Structure formats: C-alpha cells, structure tokens
Amino acid sequence: TAISVNHYRNLLVHLETMTTQQRAAWEPRATNSDVKSQSQVILATGLLDYYTREKRLERNLIQGVKECLQFADAFVRVEWDATGGEIYGQTETGATIYEGDLKYTNYMPIDVIRDFTKTAPNQDDWVILRDFQNKYTLAAKFPDLAEEILDDSVDMLELAETTTLNALGMEESDNVAVYTLLHKPTPALPQGRFTTCLGNGTVMMDGPIPYKKTHVYRIAPDEETGTIFGYSVGFDLLPVVEALDMLYSTATSNQAAFGVQNLLAPKGHDLSYSQLSGGLNLMEYDPKIGKPEALNLTQTPAEIFNFMQMLEKLAETISGVNSVARGNPEASLKSGAALAL
C-alpha cells in the first residue's frame, strides 16, 4: 500500500510564509531636495501602495516566491496594457479608447525561453514568453488576421501534454499559444524588438520595443554556478521525502495486510467459527490440546519509526524550518522563551 505523506509541500509552504509574511515597505527617495521632487515622493509612495494592495502586485510577488521554491526560477512581467483601466472615449471609427494600466503576469520556467548558453542569469538580451489566450478575442483584436488566428492546424492537446503541467481540457479549449519576443536595445539592435506570434507562425505584431528594458523580472532562491538556472532547497528535500514515503508505505502495507488478526488453534480442536466471532462468548477447550491464540503479524520494527523521525528532522534541518514553526515542537522544549527563540 503506497502512501505519500507530503512533508515536502508543508516545508515549502512554511518557507514561502517565512519569506512573505512581512509585507514590502516602499520608501521612495528624491534625488533633489526641491519642493516638486519631495511632493513626487509622496505621490510615488501612494502609487506603490495602491498597486501593491488594490492591483494585487503583492499576490504576483508571493506567487513568484512559491514557484521559485518549486522550480528554482520564477518570472514576473510588467507591461503596459493599452486596453486596461476605464473607458474614456472613442475614436472616429468607433473604437473604444481606454485609459490603460500596468499589468503584471507570472510565468513559470516552462513558459520562458532564454539563451541557456549564457553563464550567468542576468546576461540575457532577449526573452520569449508564452501565454495561452482566447483565439476569438485575438481574432476580434486583429480582424485582418482572423482566419489565421482561428486556424486549428496546431495540435493544442499535444502541445499541452508535452510542454505544460496541466493538459486537462486543452483539446477542446478555445485558447491558443501566443509567443512574445522582447529584445532590449543593444548595439546590434538599437531599437530592440517586440514581436508576438502564434504557434502556427502567424505574426500579429512586430516592431521596435516600446520600452528601454524587457521588464521581465526573475526570482530564484539561489544560483546554479556557471548557468542561467536557479537552485532551490526543494531539490535537496526530494530524496529525503521520497525515503519518508517509502517508510510510511512499508508500515501502512504491514498494517493493511495483517491488521485483521488471524487465529492459531491446535489440530483436533472442536471450536466453531461462530464461537470465535463477536464478543462475550464462552469457549471451552481441551488443555491437553491447547488454547487458540492470536497470530500477531502487525508488529513493525521500531527501527522504521526511529528512521522516520530522523528523516523528518533531517528535512527540517536542510530546509531551515524548525519543528516549532511546523506546530510540532520537541518534547524537550517546555518554556515559552525557548519556543519563541
């Protein structure tokens, strides 16, 4: 009987909580001391607090911490959404004009294409991001390309099964993969490059990048030296929790197989099944032949349980999450001061 006791997720959740439990405290500073600059500091503080709370930037940051603990890398993109914000007018053709607003999007490493030949993570000149967007919305946004956008030549199910974590329902989904190239201005490409295209090769937008940077920000718990990839303590926990699951499965298998006891009785006894079932039964036996006894096969060696506790403590040591934080303090810790420390 296989059983998974998910200490792995519990430890990563505690690491995430410990990292994000203190909210970001923004403190803008003015380079100059004039009144205008000082008033801009007040405005900047209010804007940062507004976007953190009301626009849920804080949620994107927490999601980035969660994903980088699992995958060693996580990405947050900041972009200007021309169709965001409130409506404030219409063009001569009747198209809606929006105020526009900042937009934040989280990306897992599997949706971020980078130059893996680099030897450090901050040397990228370009990045390609993958989103899944509704094809009918895209067709309405780019009516001249509606036929190409609605083309079903790309097998979305195969794409999802091979390059995503969740392929459920993708076969009947209205979403299509949209790839966005962001190339910052460089001596070789002074204006940079901004391109969006579909998996079938349809280019929807192509031109200079409208920003000075790509505005794709990476977070990683640690760096894998000499590569662009990060490193997470979750990698170190995997073999420990795998061994824990094996031990829990061993004990569970033993209890499941032999939890209902068998009975041993000497040959020649005259006991019936009805006498052995239930309770408060009077059973007579011949002392010369011997009495029936329970066959106890459920006893699991104490070494298994001792090794379980050893591995649990080892996982806590590796992750830096102590037993008190997990709500299971050691028996030796009695005083409140010791627990608080």
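Worth saying up front: this structure is predicted, and the values here are computed from it rather than measured.
- Within the 4.5 Å cutoff, side-chain heavy atoms of Ile318 are placed close to those of Leu237.
- In this structure, Ser232 contributes its side chain and Leu69 its backbone to a donor-acceptor pair below 3.5 Å.
- Between His7 and Tyr248, the ring-plane angle classifies as parallel under the 30° and 60° cut-offs.
- The two residues His14 and Asn10 make their nearest non-hydrogen contact at ND1-O, 2.8 Å.
- With respect to the salt-bridge test (charged N to carboxylate O, under 4.0 angstrom), the residues Arg53 and Glu58 do not qualify.
- Distance CD1/Ile97 to OG1/Thr83: 13.0 Å, rounded to 0.5 Å.
- Checked for salt-bridge contact, Arg130 and Asp111 meet the test: a charged N lies under 4.0 Å from a carboxylate O.
- Environment of CZ in Phe307: sparse, with no more than 12 heavy atoms of neighbouring residues, nucleotides or ligands closer than 6.0 Å.
- Of all heavy-atom pairs between Gln70 and Phe235, the closest is O-CE2, 3.9 Å.
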**Asked** Could you walk me through whether Glu312 and Leu244 pass the side-chain contact (heavy atoms from CB on, under 4.5 Å) check?
**Response** CA-CA 8 Å; Glu312 289 178 9; Leu244 260 174; 3.8 Å; yes
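- Glu27 has a carboxylate O that lies under 4.0 Å from a charged side-chain N of Arg29, or vice versa, which qualifies the two as a salt bridge.
- Atoms SG and CG, on Cys197 and Asp206 in that order, are 9.0 Å from each other to the nearest 0.5 Å.
- Within 6.0 Å of atom CD in Gln90, more than 12 heavy atoms from other residues, nucleotides or ligands are found, so the atom counts as buried in its surroundings.
- In terms of heavy atoms, Val241 sits closest to Tyr8 at CG1-N, 3.8 Å.
- Taking CD1 from Ile209 and OG1 from Thr214, the interatomic distance works out to 6.5 Å, rounded to the nearest 0.5 Å.
- For the residue pair Ile149 and Val176, the shortest heavy atom distance occurs at O-CG1, 4.5 Å.
- Salt bridge annotation for Asp124-Lys184: absent, with no cationic side-chain nitrogen under 4.0 angstrom from a carboxylate oxygen.
- Sequence neighbours left out, the pairs with a member in residues 222-242 that pass salt bridge (Lys or Arg N to Asp or Glu O under 4.0 Å) are Arg218-Glu223.
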